[in-house]
Amino acid sequence: MTITQLYDELSACYGNLDKWWPARDPYEVMVGAILTQNTAWTNVRQALENFEGDLSPQRILDLPLEELKLLIKPAGFFNQKAVYLKELTTWFAKYDFDVQQVARIPLDELRQELLAVKGVGPETADSILLYAFGLPSFVIDAYTMRICGRIPVEIGSNYKSAKKAFENSLPLDATLFNHYHALIVTHAKRHCLKKPNCSGCPVRKHCVSASI
DNA sequence: CGCCAGGGCCATA
DNA sequence: TATGGCCATGGC
């Protein structure tokens with residue numbers, strides 16, 4: 001199955017999932033992208049709620065490290081994530097916490113800058129580029145690899161090859177990338193992970209194996 | 001009770 | 001460059 005065909009199947013099943021990343025503003029997306037690393041979103045939500053609506057970049061910079069750890073504790077890995085949030089926010093400060101300034105940087109260059117921040121790996125970088133800054137950088141995650149392995153859709157076995165496969169198969173459109181990744185995660189949670197043997201799965205007929 | 005979630009860092013070979 | 005150990009909480 002091709003990447004385009006998979007999109008059509010999932011899109012037909014789940015419709016439009018726009019505004020799927022829950023956040024009040026771009027900075028909250030950035031924070032959420034760090035907090036959700038290998039962590040369930042229910043935990044992330046509890047951590048975000050601890051800020052009680054006051055989640056400004058300046059506050060994260062001003063907050064003593066130990067207090068920040070306490071606030072994000074429900075999200076797990078709080079010792080490292082507190083440092084990561086400081087690092088990412090310090091990077092953001094170079095652009096006056098201004099998304100418009102950031103979005104003017106060439107995409108490849110911007111991605112390299114993000115990857116240079118401690119705590120920001122490929123998926124986190126792409127999530128920030130796409131969901132915080134609205135730039136067309138396709139997000140690969142564990143769900144993407146597993147679903148494509150099952151059907152199969154040929155995307156290679158690592159992050160770089162998978163990202164390239166998606167971006168070369170689709171128009172370079174942030175709205176499309178946003179929607180596609182949302183579809184993959186939604187589908188994974190609703191079927192590929194939850195239902196044994198893919199029972200009731202809309203694309204079940206395409207899957208070669210349910211044990212991936 | 002054990003498993004694992006929308007990863008990434010670091011040490012090792 | 002490619003693995004493997006480690007990080008930590010809450011839901012189930």
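Below, chains carry the letters A, B, ... as their sequence lines are ordered, and counting in each starts from 1.
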**Student:** Choose from B:dC9, C:dA8, B:dG7 the nucleotide whose nearest atom is closest to any side-chain atom of A:Glu123.
**Tutor:** B:dG7
**Student:** When all nucleic acid strands are considered with a 4.0 Å heavy-atom cut-off, which category describes A:Gln80: base, sugar-phosphate, or nothing?
**Tutor:**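 The residue A:Gln80 makes base contact.
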**Student:** Compare the minimum distances between each of B:dG7, C:dG10, C:dA8 and the side chain of A:Asn43, then state the nucleotide with the smallest one.
**Tutor:**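 Of the options given, the side chain of A:Asn43 lies nearest C:dG10.
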**Student:** For A:Ile72 and C:dC7, give me the distance from atom CD1 to atom P, rounded to whole Å.
**Tutor:** 16 Å
**Student:** Could you tell me how far apart A:Phe78 (CZ) and C:dG10 (P) are, to the nearest whole angstrom?
**Tutor:** 9 Å
**Student:** Among C:dG10, B:dG7, C:dA8, which is the nearest nucleotide to the side chain of A:Gln46?
**Tutor:** C:dG10
**Student:** Using purine N1 to pyrimidine N3 plus N6-O4 or O6-N4 for Watson-Crick, or N1-O2 and O6-N3 for G-U wobble, each under 3.5 Å, what pairs with B:dA13?
**Tutor:**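 Because both required distances fall under 3.5 Å, B:dA13 counts as paired with C:dT1.
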**Student:** Could you tell me whether a side-chain N or O of A:Gln80 sits under 3.5 Å from a main-chain N or O of A:Phe77, the two making a donor and an acceptor?
**Tutor:** no
**Student:** Is it true that a side-chain atom of A:Lys163 and a backbone atom of A:Phe138 form a donor plus acceptor pair closer than 3.5 Å?
**Tutor:** yes
**Student:** Look only at the side chain of A:Lys81 and the backbone of A:Leu35, and say whether a donor-acceptor pair between them is shorter than 3.5 Å.
**Tutor:**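 It does hold such a pair.
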**Student:** For a quick check of understanding: with a heavy-atom distance under 4.0 Å over all strands, which category does A:Gly121 fall into, base, sugar-phosphate or nothing?
**Tutor:** sugar-phosphate
**Student:** Go ahead and name the base partner of C:dC12; Watson-Crick or wobble counts if both distances stay under 3.5 Å, otherwise write none.
**Tutor:** B:dG2
**Student:** Give the rounded distance in Å between these two atoms: OH of A:Tyr159 and P of C:dT1.
**Tutor:**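 Taking atom P of C:dT1 as the reference, OH of A:Tyr159 is at 18 Å.
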**Student:** Scan A:Val44 against the nucleic acid and name what it touches under 4.0 Å (heavy atoms): base, sugar-phosphate only, or nothing.
**Tutor:**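 A:Val44: no heavy atom of the nucleic acid under 4.0 Å.
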**Student:** Looking for any heavy atom pair under 4.0 Å, which part of the strands does A:Lys81 touch: base, sugar-phosphate only, or nothing?
**Tutor:**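 Since no nucleic acid heavy atom lies under 4.0 Å of A:Lys81, the category is nothing.
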**Student:** So which nucleotide from C:dT9, B:dG8, C:dA8 ends up closest to the side chain of A:Phe77?
**Tutor:**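 The closest nucleotide is C:dA8.
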**Student:** A:Arg45 CZ to B:dA5 C1': how many Å, rounded?
**Tutor:** 13 Å
**Student:** Pick out which of A:Phe177, A:Tyr131, A:Phe166 makes a side chain to side chain contact (heavy atoms under 4.5 Å, CB included) with A:Val139.
**Tutor:**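 When side chain to side chain contact (heavy atoms under 4.5 Å, CB included) is applied between A:Val139 and each of A:Phe177, A:Tyr131, A:Phe166, only A:Tyr131 qualifies.
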**Student:** Could you see if A:Leu65 belongs to whatever hydrophobic cluster contains A:Ile60? Use Ile, Leu, Val, Met, Phe, Trp, Tyr and a side-chain cutoff under 4.5 Å.
**Tutor:**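 Different clusters: A:Leu65 never reaches A:Ile60 through Ile, Leu, Val, Met, Phe, Trp or Tyr contacts under 4.5 Å.
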**Student:** Donor-acceptor pair, A:Tyr180 side chain versus A:Ile3 backbone, under 3.5 Å?
**Tutor:** yes
**Student:** Applying a 4.0 Å non-hydrogen cut-off, can you work out what A:Asn79 is touching in the nucleic acid: base, sugar-phosphate, or nothing?
**Tutor:** sugar-phosphate
**Student:** Let's test this: given Watson-Crick or G-U wobble pairing with both distances under 3.5 Å, identify the partner of B:dG8.
**Tutor:**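 Checking every strand shown, B:dG8 finds its partner in C:dC6, with both distances under 3.5 Å.
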**Student:** Over how many whole Å does the gap from A:Lys69 atom NZ to C:dC7 atom P extend?
**Tutor:** 14 Å
**Student:** Between P on B:dC3 and CG on A:Asn38, what's the gap in Å once rounded to a whole number?
**Tutor:** 15 Å
**Student:** A:Ala40 or A:Lys118: which one's nearest nucleotide on DNA chain B is closer to the 5' end?
**Tutor:**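 Checking each residue's closest nucleotide, the 5'-ward one belongs to A:Ala40.
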**Student:** Rounding to an integer number of Å, can you tell me how far A:Tyr84 OH sits from C:dC6 C1'?
**Tutor:** 10 Å
**Student:** Would you mind reading off the distance between A:Lys189 atom NZ and B:dC4 atom P, rounded to a whole angstrom?
**Tutor:** 16 Å
**Student:** Within the pair A:Thr124 and B:dG8, is there a side-chain N or O less than 4.0 Å away from OP1 or OP2?
**Tutor:**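 So the side-chain polar atoms of A:Thr124 do come within 4.0 Å of the phosphate oxygens OP1 or OP2 of B:dG8, strictly under.
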